[in-house]
Each structure stands twice: as structure tokens, then as C-alpha cells.
Amino acid sequence: MTETLKSAEKFVFLIIASIPNGKVTSYGQIARMAGIPSHARLVGRIISRLPKDTDLPWHRVVDSQGRITNPNELKQREKLEQEGVTVINGKINLRHYRWKP
DNA sequence: TGTTTGACGGACA
DNA sequence: CTGTCCGCCAAAC
């Protein structure tokens, strides 16, 4: 129900906040961890609405193929490289940087 | 109130 | 590799 999604959204924030520095995860991964598989888009929407002064490491979230889908990918890329994540051609090697709790 | 859109994902061609 | 289709759902039209 919408009730499930409601509580799941809270988890989404907690999950994103717990992504370790230098690691990345995907929208779908977060959705699954939050207990709402196939709702990756919801996660994307939540992140897109975050205030720019948020503390959440939204830049550590990419799509399932390790690609940056952020409208302002340049900014995200800088933040990632700043913590040691190599971004090649707008893509990240998930094999190496995937966050696996 | 109905339709479109979007920081997604996975299956297919 | 690129492009299409469909599922999902809140917000914007």
C-alpha cells in the first residue's frame, strides 16, 4: 500500500545516508534494501527533490549500469572523484566500487 | 480528472 | 554497443 511506500521512503534516506565514502550503489539496489523492489524510479524521484544543502551523499547513487543519470552529471562526477571514485566516460566500474553491505 | 514526465531497471532485438 | 517496451508511482500539466 501507500503506507508501505511511505515507510519505505524513510528507509531510503537512512540507506543513502549510510553509504560509505568512496563507494556507490544504484537506485534499484536502494529500492530493494528498502523493501520495495521495482521502485527504483521512486528512489530517483526522492533524490531529485532533495534540497541542495542536504547532507545525504546522493552523488554515490548511480543507475544499475554504473552510469550517472544526474542532469548535472559534472557536479556528481567531481564529488565522486573527490572521494577516490574513478569515473570514466560518465560511467563507474561497479565491480570495484559497488557498496555491498 | 486524464495524460505526461522522470536523477530507473530489466528483458529483448 | 543502441534503441524499444513495459512496469511503477508521485508530481506536474
Original post:
Which pairs with one or both residues in residues 75-90 of chain A pass salt bridge (charged side-chain N to carboxylate O under 4.0 Å, His left out), sequence neighbours excluded?
Top reply: A:R60-A:E83, A:R77-A:E81

Original post:
Quick one: which of C:dA11, B:dG9, C:dC9 gets closest to the side chain of A:L5?
Top reply: C:dC9

Check: residues 86-96 of chain A side-chain donor-acceptor pairs under 3.5 Å, at least two apart:
unit_1: A:T86; atom_1: OG1; unit_2: A:Y97; atom_2: OH; d: 3.2
unit_1: A:N93; atom_1: OD1; unit_2: A:R95; atom_2: N; d: 2.9
unit_1: A:N93; atom_1: OD1; unit_2: A:H96; atom_2: N; d: 3.3

**OP:** For A:R45 and for A:V62, locate the closest nucleotide of DNA chain B by heavy-atom distance; then report the residue assigned to the nucleotide nearer the 5' terminus.
**Re:** A:R45

Original post:
How close or far is atom P of C:dG3 from atom CZ of A:R67, stated in whole angstroms?
Top reply: 12 Å

**OP:** Rounded off to whole Å, could you give me the CG-to-P distance for the A:L42 and C:dG7 pair?
**Re:** 18 Å

Original post:
Can you tell me if the side-chain N/O atoms of A:H39 get under 4.0 Å from OP1 or OP2 in C:dC9?
Top reply: yes

Original post:
Any side-chain heavy atom of A:L56 sitting closer than 4.5 Å to one from A:F13?
Top reply: yes

**OP:** Look at the side-chain N and O atoms of A:S38 and state whether any lies under 4.0 Å from the OP1 or OP2 oxygen of C:dC8.
**Re:** no

Original post:
In whole angstrom, what separates A:I36's CD1 from B:dG9's C1'?
Top reply: 13 Å

**OP:** Using only side-chain N and O atoms of A:K91, determine if any of them is under 4.0 Å from OP1 or OP2 of C:dC1.
**Re:** yes

Original post:
Any donor-acceptor pair under 3.5 Å joining the side chain of A:R41 to the base of C:dG7?
Top reply: yes

Original post:
For the pair made of NZ in A:K6 and C1' in C:dA11, what is the distance, rounded to whole Å?
Top reply: 14 Å

Original post:
For A:L50 and C:dA11, what is the distance between atoms CG and P respectively, to the nearest whole Å?
Top reply: 14 Å

**OP:** Would you classify A:D63 as touching base, sugar-phosphate or nothing, given that sugar-phosphate means primed atoms plus P, OP1 and OP2, and contacts are heavy atoms under 4.0 Å?
**Re:** sugar-phosphate

Original post:
In whole Å, what is the span from the CD1 atom of A:I47 to the C1' atom of C:dA11?
Top reply: 17 Å

**OP:** Ignoring backbone atoms, establish whether A:S64 has a side-chain N or O less than 4.0 Å from OP1 or OP2 of B:dG10.
**Re:** yes

Original post:
If you look at every heavy atom in A:A40 and A:A31, which pair is closest and at what distance?
Top reply: N-CB, 3.9 Å

Subject >> Nearest-nucleotide 5' precedence on DNA chain C, A:E9 against A:A40 >> reply: A:A40

Original post:
CD of A:Q65 versus P of B:dA7: gap in Å, rounded?
Top reply: 17 Å

Subject >> Integer angstrom distance from the P of B:dT5 to that of C:dT4 >> reply: 15 Å

**OP:** Compare all side-chain heavy atoms of A:W58 with those of A:S48 and state whether any distance is below 4.5 angstrom.
**Re:** no

**OP:** Write down the distance between CD1 (A:I30) and C1' (C:dC8), rounded to a whole number of angstrom.
**Re:** 17 Å

Original post:
In whole Å, what separates the P atom of C:dC5 from that of B:dT4?
Top reply: 15 Å

